[in-house]
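Let me begin by presenting the structure, written as structure tokens, before commenting on it.
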Amino acid sequence: MNGLPSPQQLRYLVALSEYGHFGRAAAACAVTQSTLSAGILALERQLDAAVLERTGAKRPVFTPLGRDLVGRARTALEALNAFAESVEAAREPLTGPLWLGIVPTIGPYLLPRLMPRLRASFPGLRLFLREDPTERLVEALEAGRLDLLLVALPCDCGGAATLAIAEDPFLLACPPGHPLAARAEIPPGALAGERVMLLEDGHCLREHALSAGGLAGAAQDVAGTSLHTIVQMVAGGLGVTLLPRLAVEGGVTAGAEVALRPLVGAFARRIGLAWRARSPRGDEFRALVPSIAAALGDR
């Protein structure tokens, strides 16, 4: 073997596994597709072994060795990130760049309230944002492309450390003329027989709504990929839905004719942080909690 793989080659390998597409993997690594392909080929030459099958398939197909090396590359990158993070942690806390991942059902509604607080409390912090579903964010965190996640809990965060900050209750949204709109609050079991519009599979809010309870006997229906789409379908009389209060306060129902009613019981998701368990910056990340909690409470 002629030398050790470079960190960039390991990032190319992990990104290609994560995205399953040369173009998207290259974009995630901020390089051209030809650069990424050349990096993978150079890695194979260094290893004197194939990590990809040359079958002409449109999507990259990893060899058994390649799949094993992806896992090892993730571990190596995590160690390298911890090495770099230890330097950041030794400096003044929460200064310099920080890559934050945030899920789409939180970002648009919380960031307008959170960003001014962070700028005021941590003027030396340079925050770079990425919005994606939880699964993609966790993969980016594990690969070292993100430092911290702002997500809805519980979630499958792999081996990441998590910290819950606040609860975000669900509200029922229904057409104004719906029988449930006549109630001041919605008791458990009242949704039985209703057509409940939910986000499609892959969105954590769908799982949180299902696990919140109260949907026994309801007909679940996939409505779309965004809360705004669901709200418009509810306004059109196609069903009812559960919306996080954060999204409602952030204007997700603005301009739509829907009635909003509170739910009786513990119908809520939790908003929290996640970071690599071995990161030395855990205390720094915890220092963000008061600003996030204040933004969540700014109603």
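Remember, it's a predicted structure, so these values are computed and weren't measured experimentally.
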Walk me through whether L227 and L199 qualify under side chain to side chain contact (heavy atoms under 4.5 Å, CB included).
CA-CA 7 Å; L227 291 180; L199 289 172; 4.2 Å; yes
Establish whether L146 and Y19 are linked, either directly or via other cluster members, by ILVMFWY side-chain heavy-atom contacts under 4.5 Å.
no
Determine, using the 4.5 Å side-chain heavy-atom cutoff (strictly less than), whether L41 and F22 are members of one ILVMFWY cluster.
no
I'd like to check L273 versus L149 (side-chain heavy atoms, cut-off strictly below 4.5 Å). Are they in contact?
no
Do R276 and E78 touch side chain to side chain, with heavy atoms closer than 4.5 Å?
yes
Whether over 12 other heavy atoms sit under 6.0 Å from R136 CZ
yes
Beyond-backbone contact of L263 with E185, side-chain heavy atoms, under 4.5 angstrom:
no
For T241 and M197, the nearest pair of non-hydrogen atoms, with its separation, is OG1-O, 2.6 Å
Does any non-hydrogen side-chain atom of T63 lie less than 4.5 Å from one of L52?
no
Where do L260 and V248 land on the side chain to side chain contact (heavy atoms under 4.5 Å, CB included) test, with the steps shown first?
CA-CA 9 Å; L260 298 167; V248 172; 3.5 Å; yes
Donor-acceptor pair, distance only, cut-off 3.5 Å: does the side chain of S279 make one with the backbone of W275?
no
Please tell me if the side chains of F122 and S291 come closer than 4.5 Å, counting only heavy atoms from C-beta onward.
yes
Heavy-atom pair with the smallest gap, counting every atom of P133 and P104:
N-CD, 4.1 Å
Residues in salt bridge (Lys or Arg N to Asp or Glu O under 4.0 Å) with R145, at least two apart?
E18
Closest heavy-atom contact between A268 and E167?
CB-OE1, 4.0 Å
Does any N or O in the side chain of E142 come within less than 3.5 Å of the main-chain N or O of E139, such that one atom is a donor and the other an acceptor?
no
Any heavy-atom pair between the side chains of L43 and Y12 that's under 4.5 Å?
no
Side chain to side chain contact (heavy atoms under 4.5 Å, CB included) between L150 and L114: does it pass, once the steps are laid out?
CA-CA 12 Å; L150 187 53; L114 176 60; 4.3 Å; yes
Nearest 0.5 Å, please: how far is CD in Q8 from OG1 in T35?
9.5 Å
Do R245 and E249 have side-chain heavy atoms sitting under 4.5 Å apart?
yes
Could you state the interatomic distance from CD1 (I106) to CG (L246), rounded to the nearest 0.5 Å?
7.0 Å
Rounded to the nearest 0.5 angstrom, the CG-CZ distance for L98 and F285 is 5.5 Å
In short, V103 meets A152 closest at the heavy-atom pair CG2-N, 4.4 Å
Start with the C-alpha gap between R281 and D147, add the side-chain angles, then the distance that decides, and say whether side chain to side chain contact (heavy atoms under 4.5 Å, CB included) holds.
CA-CA 9 Å; R281 303 181 71 185; D147 301 312; 4.2 Å; yes
What heavy-atom pair brings G39 and Q9 nearest, and what distance separates the two atoms?
O-NE2, 3.6 Å
What distance separates R261 CZ from L180 CG, expressed to the nearest 0.5 Å?
9.5 Å
Do side-chain atoms of S37 reach the backbone of Q33 as a donor and acceptor pair under 3.5 angstrom?
yes
Counting only N and O atoms by type, is there a donor-acceptor contact under 3.5 Å from the side chain of H21 to the main-chain atoms of R24?
yes
Taking side chain as C-beta onward, heavy atoms only, is V264 less than 4.5 Å from I186?
no
Are there more than 12 heavy atoms of other residues, nucleotides or ligands under 6.0 Å from atom CD of E53?
yes
Quick one: list whatever passes salt bridge (Lys or Arg N to Asp or Glu O under 4.0 Å) with R286, sequence neighbours left out.
D283
Find the distance between CG (L242) and CG (L191) and round it off to the nearest 0.5 Å.
6.5 Å
Please table the atom pairs, donor to acceptor, closer than 3.5 Å between any side-chain atom in residues 65-77 and protein atoms at least two apart or in another chain.
{"from": "R67", "atom 1": "NH1", "to": "F62", "atom 2": "O", "distance (Å)": "3.1"}
{"from": "D68", "atom 1": "OD2", "to": "R72", "atom 2": "NE", "distance (Å)": "2.8"}
{"from": "T75", "atom 1": "OG1", "to": "G71", "atom 2": "O", "distance (Å)": "3.2"}

Closest approach of A166 and L296, non-hydrogen atoms and distance?
CB-CD1, 3.8 Å
Pairwise distance CG(L243) to CG(L172) - rounded to 0.5 angstrom:
8.5 Å
Ion pair D168/R269, N-O distance below 4.0 Å:
yes
